[in-house]
Amino acid sequence: MNMTALLEVTVGGVAVGCVYSLLALGYSMIIRASGIIHFAQGEVMMLGSMCGLSALWVAPSLHPALVLLVGMLAGGALAGAMELLVYRTLRRRGVPLVSIITATVGFSIFLMNAARLGWGSEPLRYPDMFRGAVEVSGIRISPQLLWVAASGFVIMVALQIFLSKTRPGLAMQAVAQDPDAAQLMGVNLSRSMAATFAVAGAMAGAAGVMLGSLFFSFFEMGFITGLKAFVAATLGGLGSIGGAMLGGILFGLIETFGAVFISSAYKDAIGMMLLIAILLVLPQGLAGLWRRLR
Amino acid sequence: MTIRRRSLLASIPFITAPALAVAQSRGEPLRVGAFGPYSGSAAAFGQSMREGIELVTEARNRAGGIRGQRIEVTFADDGGRPEEAATIARRFATRDRVLLAFGSVSSPASLSASQVFREEEVPQIAITATSQRLTRVGNEWIFRSTVPDRKQVADLVDFIAERHPQVKRFAAICVNDDFGRGGVEAFNELARAKGLSTVAEERYARGDIDFTAQLTRLRGANPDAILDWSRYTEGALIVRQLRQMQSNLPVFGSDGYAVPAYVELAGQAAEGVTYVTPFSIATAASNPVAQRLTAELHSAHNKVPDGTHALAYDAANAAYAAIERAGRADRRAIRDALRQTDMDSTRGRLRFDQTGDPTLVSPVVQIRNGREADARA
């Protein structure tokens, strides 16, 4: 393999990895705060993608950053509403956690069908937001891939700043670590929980716009991608923010390089086998390794 | 025309009458059946098939039917499922007592129905089912409107050898199922005879969206062109990702591209892509039968004909002509008359060979300015 191909595959793997990372972040944040494995996360991503695309239909010259913002707002509003209208009520009624997780699967199927009703069952193409190619030391790279990788990094850095420097972010962290203590310190638990879902949904919405612009928007796009992102979150260590970011990018790279060097027809199987192997060695995922090293 | 309701009389088990000589006296309609996926993921194909058959049937009935008898088509939805198709075939043969059946769209559904029709001795014309096997099992009751897959590959190989003699080394990518693997295997075999070679081969799972790895490996083999045996969704992604990798390699594809959604999804990247197709309005512009179909479909449904419309239209025309030539409502006579078919179709002179396949050469088209154009022109 020559340098050009190596760079192309690496950038491709990182770009897809960023999408997994953003989704994995949502899984991890929600699990840490509420214990819920939010299986509808992939569909929140899909609807973010659809809304970003619809914004482009209305305003074809919309700046890519604004399209991303539309996706984030849509994803955030949707996930926040799901928490406020359904999950919160279920928790208050004392529904067991396992049943709430089952409800998230129900939401996933419902949202998929709602999207099919609204946007049809055929894949939809994002208009080209970029043209030409970017040259990196003589090697030409698709601007789509660079854009996805760059926005992924920016959003993840922004999330870190939000969680560690702002009051609502700190409140979310506090609720995740010890809800009772946080409440005693004056944190509004149910508002903070809704905010966690909304931020997780916004991450998913951003991932949807990225994935849509790389490939297609499709009512079923959230299913397998959501599953892989969940695997990435597990790889990073469920509940760990840093682990989710790293796990996503690592999973994207493993998948792409596995397909290049081992077998492309069975790429999904390779990714999953590697996950099982890694968990056998590192039961707590990458986050566990990090804690052990410290 | 609506799906015919189950009448009281027809629901009485049909025991005593012989299966072959189905009595349909003057005044009573001539019954034929048409089964396809009118629901589910392939419903668009089923819809086109139905429209094509309806156009021919309505025109015939307006002109007095066949020897004064009206034609009545019973439509049945197989949902693309082979087991449903077999049930429908049995019902068509025994309860509806059809003289002939059209269907289906997919190869598995057509194949499973064909076993029943063979047993019940009902002539069947498959519409878009391209699987070679369908007509290669010694079944004398099967005909097909589309050109089978292997012949399509052969037509594409001939085209490449004639028109692109400088393209010798192919890198092949295909979906990892019967359609994809079958296409590439046939290509490998037929291309070798013409001095072409396949220097790399990659597969992917149906529904994959990221083909970076496969395309990287294919390009590493330094080919002259890419051969892609995919359906349109994956095919559109493959050509887009190939162009994103700044590759200008020519792409030759399968009839899986032959739907308007392919160009819609691939956008600018589709320019210059060449593929084989059972029917293209681009190559049939001067064909009078295709012109008639275009006009009729426009006035009835305000649509432009797709491949399935044309294949169904040709099948219905051939079938009604055969029923007329047979001179009586007898399935065996109709089958023998079908075998003698020699008529103008939307795709040129239509005849059936001994296996029941049409003896037509597939059009090869190239995307130019976002539309199909005759690649041989």
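Computed from a predicted model, the values in this text were never measured in an experiment. Order of the sequence lines sets the chain letters (A, B, ...), proteins ahead of strands, with each chain counted from 1.
With chain A as the partner, the residue from B:Q241, B:E202, B:Q244, B:R219 showing the most heavy-atom pairs under 4.5 Å is B:Q244. In terms of heavy-atom pairs under 4.5 angstrom with chain A, the leader among B:A236, B:G267, B:A261 is B:G267.
Smallest separation of non-hydrogen atoms from A:E122 and B:Y232: OE1-OH, 2.6 Å. Residues A:P123 and B:L265 share a closest heavy-atom pair of O-CD2, 3.3 Å.
For chain B, no part of A:L7 is nearby; none of its heavy atoms comes within less than 4.5 Å. For A:L124, the part lying under 4.5 angstrom from a heavy atom of chain B is the backbone only. Heavy atoms closer than 4.5 Å to chain A are found in both the backbone and the side chain of B:D210.
Atom CD of B:E234 and atom CZ of A:F215 lie 12.5 Å apart (nearest 0.5 Å). Rounding to the nearest 0.5 Å gives a distance of 10.5 Å between CZ of A:F257 and OG1 of B:T212. Here the OG1 atom belonging to A:T225 is positioned 5.0 Å from the CD1 atom belonging to B:I209, to the nearest 0.5 angstrom. Atoms OG1 and CZ, on B:T233 and A:F218 in that order, are 6.5 Å from each other to the nearest 0.5 Å. We find the CG-CD distance between B:L215 and A:E8 to be 9.5 Å, quoted to the nearest 0.5 Å.
The 12-atom threshold is not exceeded at CG of B:D178, counting heavy atoms of other residues, nucleotides or ligands nearer than 6.0 Å. More than 12 heavy atoms of other residues, nucleotides or ligands sit less than 6.0 Å from atom CD of B:E83. More than 12 heavy atoms of other residues, nucleotides or ligands sit less than 6.0 Å from atom CZ of B:R169. In A:M272, the CE atom is crowded: over 12 heavy atoms of neighbouring residues, nucleotides or ligands sit closer than 6.0 Å. Atom CD of B:E264 has 12 or fewer heavy atoms from other residues, nucleotides or ligands within 6.0 Å. At most 12 non-hydrogen atoms from other residues, nucleotides or ligands lie less than 6.0 angstrom from CZ of B:F45.
Not a single donor-acceptor pair under 3.5 Å links the side chain of A:R125 to the backbone N or O of B:A266.
A:F216 has its side chain within reach of B:R240: a pair of non-hydrogen atoms, C-beta onward, lies under 4.5 Å apart.
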